Each structure stands twice: as structure tokens, then as C-alpha cells.
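For ligands, and for the atoms within them, numbers begin at 1 and follow the listed sequence. For clarity, every value in this text was computed on a predicted model and none was experimentally measured.
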Amino acid sequence: MRKTIHHPDQDIIIKEALGRIDSPARRRFLKGSLTLGGLSLLTGCDLSDSAGVEGALRRIDRFNDRVQAWLFDPKRLAPIYAESLITRPFPFNAFYGLNRVPQVDADSFRLEVTGLVADRHPWTLTELRALPQTDQVTRHICVEGWSAIGKWGGVPFHVFLKRIGADLNARYVGFKCADDYYTSIDMPTALHPQTQLTLTYDGETLPARYGFPMKIRIPTKLGYKNPKHVQAIFVTNSYPGGYWEDQGYNWFGGS
Ligand SMILES: Nc1nc2c(c(=O)[nH]1)N[C@H]1C(S)=C(S)[C@@H](COP(=O)(O)O)O[C@H]1N2
Ligand SMILES: [Mo]
């Protein structure tokens, strides 16, 4: 039998469990999905102690990934904006300061491609620039509470995935970056028309702080799902996680 608890300690128990979740963003995110009585109904978990509540919160987070994936409409576009609305200067953000932005050498750069793909040859910047390019003016939304409109140019990612003969039925595309950042996305998002292998910012070569030599721009996802300084792309069926995701940020990370 499912247990429904109404004792007044429940508030305190949930507060305590939330307090032990290390990331403030994750705390905020989970708080938003909570109604006190609903938590036990939703999860069927015994909430009489904080370990039980923690387990319930974790289950909600995994449930959230699935719901977001179901709700994701592969044809629905993120809003696009007039160039006059571009945020200047566009904010920089990373898990370190501006003085530690990786400086990647353009000539020796090779984009590694591995996993479930037919063509594993590494790509030079010149080769990437020779692929068809498009621009987008979209809003970047960071989970830390800011957003900004920017203009990014590059190769529609679905074009690139098809070009390398990626298994489009695979579950995940993972990214490894020059600064030890990493993340991964679901294949429907990878194939979304606005997901972009980005080579320019505001009409210029992508500046170092925004991810030179290339980043993946995904306007349907939160900022942390937009990896900069990408060095390797892999297609896989094994869950690859991510830098912030492994510390508790929601994996799907829809915006
Ligand atoms: N390689 C790398 N990519 C990254 C990050 C990072 O620290 N390293 N931070 C992410 C986060 S949380 C945000 S909000 C955006 C910031 O991108 P911007 O500097 O272009 O605004 O980059 C994302 N991609
Ligand atoms: Mo972010």
C-alpha cells in the first residue's frame, strides 16, 4: 500500500533533503516540481525520513528527463529575434574565469568523430567551413538566472551528422571539450533544425571566450547543454552524462 503522510514534519524533512543537494540550480529546479502531498503520490516512496525524500527527488528528476523527451517537438522552433535585439556585449560564462579560456590552435585543430558513425575521419577547420552554413539569432538561457540574445553561424548539425554517416537511431551524441567540459544530448535534439555546429559569432570567427574553434549551439536547450571548444563528437547508445549533469543538473535540460 502507498503511504500518504500528513504530519507537519514533512516540510522540514523535504527542506532538509533539498538542503543536502549540492547545486543551487538543481535545488531550485526540484523545488519547482514539488507539492508536498504530491511527492509521495507521484513516486510512491516512503517519505518518513530524508533518505526517502532524497530517493523520491532523484526519481522525479529521471521522470522529468522522460517527460521532457516526450514533450520535445522535433519540428518546433525556438524563437528567433531581430539583430537589433542582440545583447551587447554578450556574456561570457564557464566553470572558470576569462583568464583561463583555452587557446586552441586553428591549424593543428582536428575535430574527432567516433562511435556509431560510418566516416571517422577527423575534420580540419577548413573542411568544416566548406560545409553549408546558416545563421541564427536566438536566446541563450543559463540556469544561473540570466539570458542573452546572440547570433551564431555554422553548419546545421543534422547536415554534419548525415555527412559522417551517424547512426541516426542511436540514443545520444556526446561532446568533449578542450577545457575538460563535456556534455551529451538526445538524438532528436541533435537532429533539430536549429541545432548548429557553430563556427562564427556575430559574423566573426568564433572568439576564444565563446568557444573557438567550434561550439554546439542548441537554442532548445539550456546554456550548459551548449558545449564550447568542442574537440570530439561521439555517437553512442551508452549514457554519457555531462560536467554539470553529473553534479545534479537535469540531463535533458530543455529551455
Ligand atoms: N567548454 C565549455 N562549454 C561550456 C561551459 C564551460 O564551462 N566549458 N559552460 C556552459 C554554460 S553553463 C554556459 S551558460 C555557456 C556560456 O556560453 P557563453 O560564454 O558563450 O555565454 O557555455 C556552456 N558551455
Ligand atoms: Mo550556464
Side-chain angles (χ1 to χ4, degrees), residues 21-30 32 68 78 81 83 85-106 109-113 125 128 135-154 157 172-186 189-190 192 194-234 240-255:
I21 290 168
D22 32 0
S23 116
R26 153 88 153 201
R27 271 202 297 274
R28 237 180 292 128
F29 177 80
L30 287 170
Q68 288 186 81
Y81 298 86
E83 297 208 6
L85 294 175
I86 292 173
T87 307
R88 299 179 196 280
F90 192 85
F92 158 82
N93 194 33
F95 65 90
Y96 44 79
L98 255 177
N99 58 328
R100 283 186 42 210
V101 169
Q103 305 296 320
V104 178
D105 178 60
F109 173 76
R110 298 289 180 277
L111 174 65
E112 250 177 61
V113 175
L125 262 183
L128 290 172
D135 275 346
Q136 61 171 277
V137 179
T138 51
R139 185 184 293 275
H140 171 116
I141 302 169
C142 175
V143 76
E144 289 168 79
W146 56 270
S147 82
I149 295 171
K151 180 180 171 183
W152 292 272
F157 196 48
Y172 308 106
V173 181
F175 306 97
K176 292 183 204 160
C177 308
D179 55 1
D180 296 332
Y181 197 79
Y182 61 103
T183 188
S184 55
I185 56 174
D186 51 298
T189 299
H192 184 276
Q194 289 171 310
T195 299
Q196 183 189 68
L197 190 164
T198 301
L199 299 167
T200 69
Y201 181 75
D202 206 6
E204 312 275 333
T205 299
L206 192 65
R209 65 190 179 284
Y210 301 144
F212 183 84
M214 59 150 289
K215 66 172 273 174
I216 304 291
R217 172 69 192 134
I218 312 174
T220 56
K221 288 219 190 281
L222 293 168
Y224 63 89
K225 307 288 301 182
N226 288 238
K228 306 192 284 186
H229 317 287
V230 173
Q231 284 187 320
I233 295 179
F234 58 101
Y243 181 91
W244 288 116
E245 294 88 330
D246 293 350
Q247 297 175 59
Y249 279 44
N250 173 250
W251 179 76
F252 194 85
S255 69

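For the side chain to side chain donor-acceptor pair (under 3.5 Å) test, residues two or more places apart in sequence or in another chain that qualify with T183 are E245. Among residues two or more places apart in sequence or in another chain, the side chain to side chain contact (heavy atoms under 4.5 Å, CB included) test is passed with A148 by T87, F90, P91, W146. For the ring-ring contact (aromatic ring centres under 6.0 Å, His included) test, residues two or more places apart in sequence or in another chain that qualify with Y243 are F95, Y181.
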Show me a pair-per-line table, with atom names and distances to 0.1 Å, of protein N or O atoms that are under 3.5 Å from an N or O of ligand 1.
residue  : atom   : partner : partner atom : Å
ligand 1 : 1 (N)  : D179    : OD1          : 3.0
ligand 1 : 1 (N)  : D179    : OD2          : 2.9
ligand 1 : 1 (N)  : K228    : O            : 3.0
ligand 1 : 3 (N)  : K228    : N            : 3.0
ligand 1 : 7 (O)  : F95     : N            : 3.0
ligand 1 : 8 (N)  : D179    : OD2          : 2.8
ligand 1 : 19 (O) : N93     : N            : 2.9
ligand 1 : 19 (O) : N93     : O            : 3.3
ligand 1 : 19 (O) : K228    : NZ           : 2.6
ligand 1 : 21 (O) : P91     : O            : 2.7
ligand 1 : 24 (N) : N226    : O            : 2.9

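Counting heavy atoms from C-beta outward, Q68 and N250 have side chains that approach closer than 4.5 Å. Inter-residue side-chain proximity for V173 and F157 is flagged as met; some heavy-atom pair is nearer than 4.5 Å.
Relative to the six-membered ring of F175, K228 misses at least one condition, a distance below 6.0 Å or an angle of at most 45° to the axis.
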